[in-house]
Undergrad: 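Attaching a single structure in structure tokens format; questions to follow.
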Amino acid sequence: MLFISTRGQSGKVSSAHAIKNGLASDGGLYVPQRFPEIPLEEILSMHALPYEQCAVKILSLFLTDYRPDELTDCAVAAYSREKFGPDPAPLRKVCDRTDVLELWHGPTMAFKDIALQILPHLMTRAQMKTGSETRIVILAATSGDTGKAALEGFADVPGTEIIVFYPEDGVSPVQKLQMVTQAGNNTRVFGINGNFDDAQRGVKEIFSDASLAKELKECGWVFSSANSINWGRLAPQITYYFKSYADAVANERIKPGEKVIFAVPTGNFGDILAGYYAKKMGLPVERFICASNSNNVLTDFINTGIYNKVRPLNKTVSPSMDILVSSNLERLLFDLSDNDADQIAKWMEQLNTEGQYQVSQELSERVRDLFFAAWVDEEETVETIGSVYNDHEYVLDPHTAVAWRAAQKYRLLTSDERYIIVLSTASPYKFCNTVLKGIGKGDGTDTDSPFDAARRLSEATEMPVPKQVSLLEEAAIRHKDVIDAGDMAINIKKALGIS
Ligand SMILES: *Cc1c(COP(=O)(O)O)cnc(C)c1O
């Protein structure tokens with residue numbers, strides 16, 4: 001299987017190259033040349049397989065330059081019981097025609113673990129396969145979830161260093177503790193005096209600094225990124241769409257072959273795109289519900305065909321979806337325009353220069369056939385946490401609540417009573433104060449200690465505090481450095497032992 005760029009100006013590469021490079025040289029995203037189909041029988045058989053074997057089944061279709069035993073080693077290391085508990089993606093029955101797919105049983109309690117636990121293994125093998133002798137330095141600027149998930153994934157992975165920058169005053173107390181207590185001999189974490197944009201701008205500048213790259217290369221290092229445009233992050237997310245469908249049939253929630261709906265809390269469009277690819281590969285899906293918070297660029301795009309990023313970014317109670325440019329949408333448009341790379345390159349250029357682009361009426365209709373879009377405001381999000389708890393004794397985190405509410409809107413508008421799987425992307429324990437407010441036990445502010453809030457949530461809901469939270473309370477602070485954004489490069493060199 002070879003990979004091509006959505007912008008058509010760079011050559012075909014193997015999967016190892018696609019994973020190593022992340023972004024294609026023309027600025028486009030790598031996509032597989034074709035999508036293999038999986039027969040229904042084989043989909044259903046995934047119910048009886050352990051999760052890591054399901055992952056190998058899917059990954060082996062795309063990563064054809066990895067041997068099956070290599071992929072098995074990667075998946076077994078990534079999805080161990082120690083890291084994810086007995087099932088990395090359990091499907092919970094919540095009410096009559098709606099289930100929740102819990103994707104947050106990994107080390108950082110967010111769905112990003114599912115991809116970021118396996119990516120480092122895929123990446124270090126990609127280095128070997130491409131004959132590269134350099135070691136990888138992963139750089140990330142984070143507003144919270146991604147940085148921690150990447151740190152956990154790359155910690156102590158041989159041949160890698162990971163350096164994460166977070167805005168000193170811009171992450172939640174739990175998120176900050178998660179990062180500054182990070183273990184691993186190859187991990188470095190820096191607070192930045194400034195906001196997320198300052199941190200991100202700094203990282204982008206470092207990525208495009210040719211003389212720094214040269215200096216690093218002479219010492220055997222190369223920069224790479226772990227963000228969600230990497231094919232190695234996207235492909236592992238296809239697995240749980242297939243697995244959850246097989247589980248739903250086995251649990252007699254649906255009949256074999258019956259079409260289902262997935263409701264997905266969406267930010268960068270990575271998670272929901274993996275679902276679209278699963279459908280393309282033969283999974284019986286009627287439609288996807290693309291759920292947004294008040295940063296509703298995607299809702300507008302799906303409903304009008306105009307993508308317009310020129311608007312203020314709102315800070316919401318579902319912060320991991322606070323995003324104005326959903327990078328992975330480019331892959332969907334490439335596919336739905338029958339691989340029209342020239343057109344994609346034009347739209348992306350327009351987005352850069354004018355802040356918006358408009359797709360053709362025909363393409364816009366194709367998007368709407370596949371995706372129903374809805375957005376959910378702050379009050380509705382909190383209210384949904386309360387009503388689902390009261391009606392079904394199930395506790396939603398704010399991101400999942402956005403998807404649940406969007407699914408309700410879909411039912412109201414369409415009267416479609418089809419079975420819906422709501423993807424749950426974070427543990428409620430990551431956002432205790434908002435959840436406590438939702439279930440009527442708090443006012444939503446971050447006043448008390450995060451551990452007191454977790455204990456109050458546990459008392460109210462009778463769900464035990466997860467060990468990822470309780471261990472944090474005792475963990476030693478290992479990363480104390482807070483630096484100016486202008487000093488990022490010099491601190492990277494210091495961390496790597498280059499003077
Ligand atoms: C990253 C994230 C999302 C959004 O996923 P995308 O793949 O970026 O669309 C939703 N919820 C949580 C909790 C996340 O961390």
Side-chain angles (χ1 to χ4, degrees), residues 29 89 100-117 119 140-153 166 171-172 174-175 178-179 196 226-241 262-278 288-299 301-302 313 316-332 371 373 375-376 381 385 395-406 422-432 434-435 468:
L29 309 188
V100 168
L101 178 59
E102 295 178 350
L103 300 171
W104 40 259
H105 292 276
T108 76
M109 301 184 290
F111 93 105
K112 290 184 173 67
D113 287 329
I114 294 194
L116 278 166
Q117 280 297 316
L119 179 69
T142 187
S143 56
D145 279 350
T146 306
K148 175 61 184 179
L151 282 164
E152 274 295 325
Y166 69 92
V171 298
S172 82
V174 176
Q175 287 174 323
Q178 278 189 318
M179 288 190 279
F196 172 61
N227 74 25
S228 78
I229 47 92
N230 193 310
W231 180 255
R233 250 190 86 174
L234 200 56
Q237 298 180 352
I238 300 173
T239 307
Y240 48 74
Y241 284 93
F262 286 97
V264 188
T266 297
N268 210 19
F269 210 77
D271 198 4
I272 197 167
L273 180 75
Y276 167 74
Y277 285 153
F288 295 92
I289 296 171
C290 177
S292 301
N293 62 26
S294 63
N295 296 297
N296 52 6
V297 188
L298 282 168
T299 316
F301 171 72
I302 291 170
L313 180 70
T316 72
V317 292
S318 45
S320 300
M321 297 154 71
D322 292 347
I323 192 164
L324 295 178
V325 176
S326 302
S327 316
N328 273 299
L329 185 66
E330 179 170 346
R331 285 188 165 113
L332 178 77
F371 298 90
W375 70 277
V376 174
T381 306
I385 293 170
V395 187
L396 300 172
D397 100 288
H399 303 79
T400 313
V402 167
W404 184 284
R405 185 61 160 240
V422 175
L423 270 60
S424 178
T425 49
S427 159
Y429 276 98
K430 230 174 164 171
F431 303 94
C432 288
T434 303
V435 175
Q468 292 97 317

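Note that ligands are numbered from 1 as they come in the structure, with each ligand's atoms numbered from 1 the same way.
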Undergrad: Ring pair (Phe, Tyr, Trp, His ring centres under 6.0 Å) with F196: which residues, sequence neighbours excluded?
TA: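 Ring pair (Phe, Tyr, Trp, His ring centres under 6.0 Å) check on F196 returns nothing, list empty.
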Undergrad: Sequence neighbours excluded, which residues qualify as side chain to side chain donor-acceptor pair (under 3.5 Å) partners of Q468?
TA: none
Undergrad: Write out the protein residues near ligand 1, meaning a non-hydrogen atom under 4.0 Å from one of its atoms, in order of chain and number.
TA: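 Protein residues near ligand 1 are F111, K112, D145, P265, T266, G267, N268, F269, G270, D271, S320, M321, H399, T425, A426.
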Undergrad: Could you tell me whether the side chains of W104 and T425 share a donor-acceptor contact shorter than 3.5 Å?
TA: no
Undergrad: So, applying ring pair (Phe, Tyr, Trp, His ring centres under 6.0 Å) with F288, which one of Y277, F371, Y276 is it?
TA: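 Exactly one pass, corresponding to F371.
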Undergrad: Among residues at least two apart in sequence or on other chains, which ones pass salt bridge (Lys or Arg N to Asp or Glu O under 4.0 Å) with D271?
TA: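 D271 satisfies salt bridge (Lys or Arg N to Asp or Glu O under 4.0 Å) with no residue once adjacent residues are dropped.
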Undergrad: Tell me, do V376 and N293 make a side-chain contact under 4.5 Å, heavy atoms counted?
TA: no
